[in-house]
Amino acid sequence: MKKVERINVIMRYINNRAHFTISEIMREFDISRSTAMRDIREIESMGMPLVSEVGRDGGYFVMHNSVLPEVRFTDNEVKALFIAFMATRNLQLPYLKSRQSLAEKLLSLISEQQQDTLVLLNQILLFEGTNPHNPDILDLSDLPHPMLDKLIQTFLLDRYLLITIEEKAKETHPIYLLQLYREKSHWHIEGFNLDDEKKQIFSVDHLTGVVPYPNRKRKSEQEILDKLKKQEEVINLVIELGPGAIAQFKKYHPKNVSLSYTNPYHSTGVLKTFIDVTKREEVKEMANWIMFLGEDISIKAVPEEVLDVLQGRSGLFLNKSDE
């Protein structure tokens, strides 16, 4: 019997009894004590109000004869859940194994007709990044970087972290985690470096260790936010976008760039951001992205360093205002 099926049967067994023990579960389902304990803990985590009784003859009972309500999904709710699963394939998302077990549990709750509908959707719908030769909802081929789950589990307990990065050399940094984000198929850490007292970006691909930062004499969250506010950069890139450029923007845009629409139909917009011209790679990356937007743009303000790269690569006439 599969784990999901066993847990569902155990839940029904529990609901039909005022009291039960671990030994009874072991005998009834022919499982070990450790497996029975794990199943009971998982059933508790799903919301069943179990109360344990201590003592020689102790066991468990369901509080106030409560039972979990029967879960029912409409056809559209089932489709929405699985289309969401399908759309997130091959994105190296965290908790991928939990996504698989969740899908298995949902499959066990729906009718055969609903399952057939999902199989058909899975055959026909393809999303960006989906392998058309292996479009399996439960495929675990897109496992994320092995440190990603550990990073998430650690910062959920404490956002003050001591991270080890190994690229050209091994480096350790104490940080306050601001954001964890995914860009261009890679995960990045945006953190406030507690030594340098400035914002810094680290690639999860180069992360080899993460633990809570043990130093008790550390800046408070409010002190960090106040420090960052004082360090806010002055906007030096302003671009107006037409419909074609907006379509490109939606395909991809850097994390620190936001778009404000300038008409109710979202067919024109303006973006404003800061480019650190002391970082050559950032300048080149922004020049590449501006060219990716296409010709349906009007550049109102741009650093000379970025402009030089653009003109050197394309020879295009850039509509840069003299304002």
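Small disclaimer: the values here were computed from a predicted structure and weren't measured.
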* Structure fact -> Val309 and Ala287 have their tightest heavy-atom pair at CG1-CB, 3.5 Å

* Using the six-membered ring wherever Trp is involved, compare the ring planes of Phe85 and Phe82 and label them parallel, tilted or perpendicular (cut-offs 30° and 60°). => perpendicular

* Asked: Which word best sums up how the rings of Phe29 and Tyr13 line up, parallel for under 30°, tilted for 30 to 60°, or perpendicular for over 60°?
  -> perpendicular

Could you check if a side-chain atom of [X] sits within less than 4.5 angstrom of a side-chain atom of [Y], using non-hydrogen atoms only?
| X | Y | value |
| --- | --- | --- |
| Asp276 | Lys279 | yes |
| Ile299 | Ile297 | yes |
| Ile175 | Ile163 | yes |
| Lys272 | Leu237 | no |
| Ile83 | Leu125 | yes |

* Structure fact -> Interatomic distance, NZ@Lys227 vs NZ@Lys230, rounded to 0.5 Å, equals 7.0 Å

* Structure fact -> The reported gap from CD1 in Ile43 to CZ in Arg38 (rounded to nearest 0.5 angstrom) is 13.0 Å

When you group the ILVMFWY residues by side-chain heavy-atom contacts below 4.5 Å and let the links chain together, are [Y] and [X] in the same group?
| X | Y | result |
| --- | --- | --- |
| Met291 | Tyr252 | yes |
| Val211 | Tyr213 | yes |
| Ile152 | Leu161 | yes |
| Val257 | Val283 | yes |
| Ile239 | Leu307 | yes |

* side-chain hydrogen bond (donor to acceptor under 3.5 Å, both in side chains) between Asp149 and Gln153, worked out -> CA-CA 6 Å; Asp149 279 352; Gln153 295 300 332; over 6 Å; no

Is it the case that the side chains of [Y] and [X] hold a donor-acceptor pair, with the cut-off being a distance below 3.5 Å and no angle test?
| X | Y | answer |
| --- | --- | --- |
| Asp205 | His186 | yes |
| Gln248 | Lys251 | yes |
| Asn263 | Tyr265 | no |
| Thr21 | Ser23 | no |
| Glu197 | Asn193 | no |
| Thr35 | Asp39 | no |
| Thr268 | Thr262 | yes |
| Glu190 | Tyr181 | no |

* **Derivation and outcome, side-chain contact (heavy atoms from CB on, under 4.5 Å), residues Phe274 and Ile235** => CA-CA 5 Å; Phe274 168 79; Ile235 289 171; 5.6 Å; no

* Spell out, as yes or no, whether a donor-acceptor pair under 3.5 Å connects the side chain of Glu28 to the backbone of Ile25. =>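 Pair absent, no side-chain N/O of Glu28 close to backbone of Ile25.
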
* **Short side-chain to backbone donor-acceptor contact, Asn236 and Ile275, under 3.5 Å** =>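 Yes.
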
* **side chain to side chain contact (heavy atoms under 4.5 Å, CB included), paired with Phe192, selected from Ile224, Leu177, Leu225** =>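 Option passing the side chain to side chain contact (heavy atoms under 4.5 Å, CB included) with Phe192: Ile224.
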
* Asked: Is Asp30 salt-bridged to Arg6, cutoff N-O under 4.0 Å?
  ->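 Salt bridge flag = no for Arg6 with Asp30.
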
* Asked: Hey, is Glu281 close enough to Lys284 for a salt bridge, meaning N to O under 4.0 Å?
  -> yes

* Any salt bridge (charged side-chain N to carboxylate O under 4.0 Å, His left out) involving residues 159-172? Give me the pairs, sequence neighbours left out, ordered by first then second residue. =>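 Of all non-adjacent pairs touching residues 159-172, none passes salt bridge (charged side-chain N to carboxylate O under 4.0 Å, His left out).
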
* Asked: Does CZ in Arg280 sit with more than 12 non-hydrogen atoms of other residues, nucleotides or ligands closer than 6.0 Å?
  -> no

* Just wondering, more than 12 heavy atoms not from Glu112 lying within 6.0 Å of its CD? ->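 Count not over threshold, so no.
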
* Asked: Excluding sequence neighbours, so at least two apart, what forms side chain to side chain contact (heavy atoms under 4.5 Å, CB included) with Asp116?
  ->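 Result, side chain to side chain contact (heavy atoms under 4.5 Å, CB included) vs Asp116: none returned.
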
* Near-ring test His188/Phe202, centroid separation under 6.0 angstrom ->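 Ring centres of His188 and Phe202 not closer than 6.0 Å.
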
